[in-house]
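Encoded as structure tokens, the structure appears first; notes follow it.
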Amino acid sequence: MFDEIEFDRIKRLPKYVFAQVGELKMAQRRAGHDVIDFSMGNPDGDTPEHIRKKLIESAQKTKVHGYSASKGIPKLLVAISDWYKRRYNVDLDPQTECVATMGSKEGYAHLAYAITNPGDVAVVPDPTYPIHSYAFILAGGNVVKFELIFDEDYNVDEDRFFEDLERVFRDSSPKPKYVVVNFPHNPTTATVTPEFYTRIVAMAKRERFYVISDIAYGDLTFDGYKTPSIMEVPGAKDVAVESFTLSKSYNMAGWRVGFFVGNPKLIGALQKIKSWLDYGMFTPIQVSATVALNGDQQCVQDITDKYDHRQEVLIDAFGKAGWKLKKNRATMFVWAKIPECVAHLGSLEFSKKLLVEADVAVAPGIGFGEYGDQYVRIALIENDKRIRQAAKNIKAFLAKYENKK
Ligand SMILES: Cc1ncc(COP(=O)(O)O)c(C=O)c1O
């Protein structure tokens, strides 16, 4: 009915690539297959007990069931500001430079909605976590991409990054207003040095753009690597905001708690749009998030250690199965180049075949952008035993294709 009525905004969104693998995964499971699922960055562990207990205790109170504060309850905003002070020695005004969001994904969608004029350009390195670009596209903006280059140890080639970014600024018309960066990076796991942020803040001031930095995986680092924050750069608040999420560090993905901090103009825009769109997270969730940020951080270390260990198990087991991978320093993922004998398939076909023929689900790199197509992303959300089982299945799968060569 009403074929003449078109929804232009939604038409700008392609079909979610991951949905195709997701549908196939469900079909395999319905057919009785035990699928080993590395496809989503959805932590498999429990939320730490002290956080769950706080939720129950708080939900029993009678004064917490009404509408909450859309930008975050005051105690949570102070906890966010204190978290930055402790971790990065950065001072943030809880009321004007911090905002709590319903997960950081919601924050990206609404921040872009609040700050994008029709035709505005945002720069997003490719591959990328999809909302970083689609938040701007959905809001009526345009996205310019360039390939994120990093070495075999997952260090971003920072000189190359700035050459590419300078080129984008020379070539784009209109000039970009926003640059999104995300390190440790999803999906590639690539990391940067603190100097990277010094350089991007200087460039932002010179070229007059805002930087939006995502440190969702900031806590999940190994072998002594410490995630730098753009907020550590003196004067960063003039040109930058940064987001963080409780989803990964505290196994709270389903709770939907994240936050943005930094430049008061951008934070104010996000606070304002949220005041029109929502009434805030359920207060007991905000109280529990406050406890998570202020409380003992051993749980974060335990979660990090688990991913570190699983990565080692996976690299060892997959290596023995013929899929050679190198250890990274951060995130809950492995960004895996597709083995040579099946590289011609591209990431979507390879992921589908791996699922149907080996009962192993991964995220095809193409879902993160055109430069991801030679890779798949493996989320470390299965236990050691199942990682080893996956390796066995993959060994048999690869043997079939090696023989076809
Ligand atoms: C880089 C990055 N940013 C943000 C998010 C969103 O997390 P949430 O909405 O759960 O806070 C994710 C989730 O996977 C992510 O990978």
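We count ligands from 1, going down the list as the structure has it; atoms in each ligand are counted the same way. Counting begins at 1 with the first residue of the sequence.
Of the protein's non-hydrogen atoms, the one nearest atom 7 (O) of ligand 1 is Ser104 OG, 3.4 Å. Counting protein heavy atoms only, atom 6 (C) of ligand 1 is closest to Tyr129 OH, 3.3 Å.
With hydrogens and angles ignored, the 3.5 Å screen pairs a side-chain donor or acceptor of Gln297 with a backbone N or O of Gly295. Looking only at distances, a side-chain donor or acceptor of Ser81 sits under 3.5 Å from a matching main-chain atom of Leu92.
Note: Tyr108 and Phe260 meet the aromatic proximity criterion, with ring centroids under 6.0 Å apart. A centroid separation of less than 6.0 Å is found between the aromatic rings of Phe18 and Phe368.
A heavy-atom separation below 4.0 Å is not found between Gly258 and ligand 1.
Using the six-membered ring where Trp is involved, Tyr375 and Trp335 have ring planes that are parallel, under 30° apart on the 30 and 60° scheme. Relative ring orientation between Tyr129 and His132 is described as perpendicular, the plane-to-plane angle rising above 60° on a 0-90° scale split at 30° and 60°. Ring geometry, Tyr84 versus Phe259: the interplanar angle exceeds 60°, so the pair is classed perpendicular (tilted spans 30 to 60°).
Counting atoms of ligand 1 from 1 in the listed order, those under 4.0 Å from a heavy atom of Asn186 are 1 (C), 15 (C), 16 (O). Atoms of ligand 1 found under 4.0 Å from any heavy atom of Lys248 (numbered from 1 in listed order, with element): 13 (C), 14 (O). Heavy-atom contacts of Ser247 reach the following atoms of ligand 1: 8 (P), 10 (O), 11 (O) (cutoff under 4.0 Å). Of all atoms in ligand 1, numbered sequentially from 1 with element shown, those under 4.0 Å from a heavy atom of Ala216 are 2 (C), 3 (N). Which parts of ligand 1 touch Thr245 is read off a 4.0 Å heavy-atom cut-off, strictly below it: atoms 8 (P), 10 (O), 11 (O).
Residues Asn251 and Asp46 fail the side-chain proximity criterion, which asks for heavy atoms closer than 4.5 Å.
Annotation: Tyr217 places an N or O atom under 3.5 Å from an N or O atom of ligand 1; distance criterion only. Residue Glu106 places no N or O, backbone or side chain, under 3.5 Å from any N or O of ligand 1.
The option from Met252, Met102, Met40, Arg256 that lies nearest to atom 9 (O) of ligand 1, judged by heavy atoms, is Arg256. For atom 3 (N) of ligand 1, the choice among Asp214, Val180, Asn182 with the nearest heavy atom turns out to be Asp214.
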